[in-house]
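Written out below as structure tokens is the structure these notes cover.
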Amino acid sequence: MERRDFLKTLFATTGGIIIGPSILAACGGTTTTTSTGLIIGTPDLPVTLPLVGEPIADGLANEGGTIEILNWADYTNPEVIADFEKAFGVTVKQSIYDNEDAAIAKLRNGTLKPDLIIGMTDTALARLMAAELIQPLNHSYIPNKSNLITGLQSPYYDLGAQYTMAQFIYGNGIGYRRDRIDPSEIASQGNDAMWNSAYSGKLGVTDSARDIISLALFQAGITDVNTGDADILAAAQENLIRLRTNTSPKVDVLSYQEIPAGNRDIAYIWSGDILLAPFYLPEGTSADVLGFWYPEETITANDFLCIPKASAKPVAAHQFINYLLDNDVAAKNQSYVGYQPALTNVNAEALINAGAIPETLVDAVIDDAKYQAGKRIVSLTPEVDALWNDVWTTFTAG
Amino acid sequence: MNKAARLWAALAAPGAFWLLFFFAVPFYAVACVAFGTVDPIFRDAIPQWNPLNWSFGEFNAVFSSVTSGPLRGVFVRTIVYVVSAMIISFAIGFPVAYYLARHAGKRRMLLLLLIIAPFWVNYLMRMLAWVNLLSPSGLFSRFVGMFGVQYNWLDGSPITVILGLVYGYIPFLILPLYATLERLDWRLVEAARDLGATSRQAFRVVTVPMAKAGVAAAAILIALPMFGDYYTNDLLSRSPKTEMLGNQIDYYINSSSQPQRGAILVIMLSTLLLVALSWYLRSTSRVGKERVR
């Protein structure tokens, strides 16, 4: 099927939105029939992606040999990989990526030919689908799918999880040192804490334009985190400049190290980062010094596992997906990666009982209700994206 | 042209062509990205190879940002940081190069080796080591703390970034300076002293003019990488207060959907450096002519 036909079929058969170059991709956004668009599901307009190609047949034996996975750095516990190799008689070779767009470009031009991709998000899914880079999954190989939280067994971006299986889940909030900032102080301030000049020089924000501009929007009482309204974005820009002036923030992705090391007192971060922080505490420091405040309005997200169309070892790839969704394996994986598996049974109680996280971080654990209540970031059109980039550049340019 | 000159010209031609080709082709590719478009789906740059179809809309937007928008501060800050780092580098590096060239004697090679040795270690590793030393609980911070200096070096401090640049690039200043000073005809300095010049006058009137080409070469050698540097700031600061042009180029190319803006900034920076390079070439050619005379 040609991409043009594929997109036409999609538009005719799904409730999703097809986002063209000139159309804003937003929750409840506009639809278009352009043949050059992206297919983007939103919680309000979920999509059933049409099948391009067939899933592999049932009951096949794994291919053996080496299975290549494309992964973020340190995003799978080496012990989990070693256990899988032993149990399934294969060897796992990893390639690392640090940027979804760059990874997709390499998948498109054939530089990377993995059997399994770990850690892509729904904004990348639209591009993976448009380039026909991934294959439908055969769920008979993935019985552990039922371990996923309800909201991700059939996610809005891929109803029926035809191409993807969710893996890790996270939400944005404020991580802080409880031994330096009273938890009640954070609770009473909420997001305003990020503008509090008392924390100047000890505050950080995640180096992610979409997340931090969204923080500025939330702080202003705006919940449309995909807005293309230039006036609203200008207000967000002013808000961020005020944040910069008040607090001299660090803009990086190192808060998971800097907070436990004592170099930073407070940061607006992904919940997974604070769950990772206990591993970086100096010896002898109690994990109870770490705290997390979860906002009522925030962004929640997840990443997923998928199999490239060109995979030479699709059976082994399916088996690895299923293996990663096993409750015990996922818990073991969490103990290394820090991020929370999107599994019902790997919940706050389980993580605390296993000693993986202190009770003070219970709010950083995302359950099904929190996940579903969160706002979702979706792809923007180039024009709207340019507006967001301008806001971010103005903020980071000092 | 005589036979020998023709022979040397022929021998130099492949190398010259190689250098020209591998400067011109990538630079043209950068221009084609800068004046091209972006794939609306994959957000990759789509280079426009035909100059007749170049689009200047993004260039105007970036130029406007550089002249009166948020990028103006980044440009000015980058120039201030690089110039400051160069001044400090010369203040530290010139006496070292002068000592090595004139007074180090038998220890010259050993001292040169000692100066260069730390720089065999990867730049990233050296900067990460400094992150460790400069952290509030790091050795350096604790040491200066003993003398009452309480300063958070890693708190987005411009001083840290400038000193980081100095530390990172100073060997590239010392070595060409040393090479120039070592070849100077010191009899001219002695002649100046014999004619009644004080050592300071001899230095100002004889040594400095003779070392001008080396000074210019050293300045260019460290200025070029400093202007495009982004990792020093990334590792030692990561604060909007110290954002440099290299960081913006890195953002546009690696993390945004506007890679053409990164390419435009590269062209602007290259143009700025080309001016500096022209000055260097003019300066060295004038020194050459004076020597011939």
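Note that the coordinates shown come from a computational prediction; the quantities given were computed from them, not determined experimentally. All chains are named by letter (A, B, ...) in the order of the sequence lines, taking the proteins before the strands, and each is independently numbered beginning at 1.
With a 4.5 Å cut-off on non-hydrogen atoms, A:Arg108 touches chain B through its side chain but not through its backbone. Only the side chain of A:Asp207 comes within contact range of chain B, judged by heavy atoms closer than 4.5 Å. Contact annotation for B:Asp44: only side-chain heavy atoms (C-beta onward) come within less than 4.5 Å of a heavy atom of chain A. Within the 4.5 angstrom heavy-atom criterion, only side-chain atoms of B:Arg77, from C-beta onward, approach chain A. Proximity to chain B is limited to the side chain of A:Arg244, based on heavy atoms less than 4.5 angstrom apart. Looking at B:Ser65, neither its backbone nor its side chain comes within 4.5 Å of chain A, counting heavy atoms on both sides. Within the 4.5 angstrom heavy-atom criterion, only side-chain atoms of A:Ala209, from C-beta onward, approach chain B. Heavy atoms closer than 4.5 Å to chain B are found nowhere in A:Ala102, neither backbone nor side chain. Using a 4.5 Å cut-off between heavy atoms, A:Asn389 touches chain B through backbone and side chain atoms alike. Neither the backbone nor the side chain of A:Trp388 comes within contact range of chain B; no heavy atom of the residue lies under 4.5 Å from a heavy atom of that chain. Contacts between B:Gln258 and chain A at a heavy-atom distance below 4.5 Å involve backbone atoms as well as side-chain atoms.
One N or O on the side chain of A:Trp72 and one on the backbone of A:Gly119 form a donor-acceptor pair closer than 3.5 Å. Remark: the backbone N or O of B:Gly138 is paired with a side-chain donor or acceptor of B:Ser135 at under 3.5 angstrom.
Of the listed residues (B:Ser137, B:Gly69, B:Ser256, B:Gly73), the greatest number of heavy-atom pairs within a distance under 4.5 Å of chain A belongs to B:Ser256. For chain A, the option among B:Ser237, B:Ala61, B:Ser255 with the highest count of heavy-atom pairs below 4.5 Å is B:Ser237. Between chain B and the residues A:Asn263, A:Asp101, A:Ile104, the most heavy-atom pairs under 4.5 angstrom are made by A:Asn263. Across A:Ser208, A:Gly262, A:Pro249, the residue that shares the most heavy-atom pairs under 4.5 angstrom with chain B is A:Pro249. Note on B:Asn247, B:Asp234, B:Thr242, B:Asn254: by heavy-atom pairs under 4.5 Å with chain A, the leading option is B:Asn254.
Checked against the 6.0 Å centroid criterion, the rings of B:Trp54 and B:Phe59 do not qualify as a close aromatic pair.
If you take CG on B:Leu245 and CG on B:Asn233, they are separated by 11.5 Å, rounding to the nearest 0.5 Å. Atom CD1 of B:Ile220 is separated from atom CE of B:Met86 by 7.0 Å, given to the nearest 0.5 angstrom.
Closest heavy-atom contact between B:Ile46 and B:Val38: CD1-C, 3.9 Å. A:Ala216 and A:Ala236 get closest at one heavy-atom pair: CB-O, 3.7 Å.
At least one side-chain heavy atom of A:Thr206 sits less than 4.5 Å from a side-chain heavy atom of A:Trp270.
When the options A:Asn226, A:Thr123, A:Asp385 are evaluated for a side chain to side chain donor-acceptor pair (under 3.5 Å) with A:Arg210, the one that passes is A:Asn226.
Residues A:Tyr157 and A:Thr42 have side chains that never bring a donor and an acceptor to within less than 3.5 angstrom of each other.
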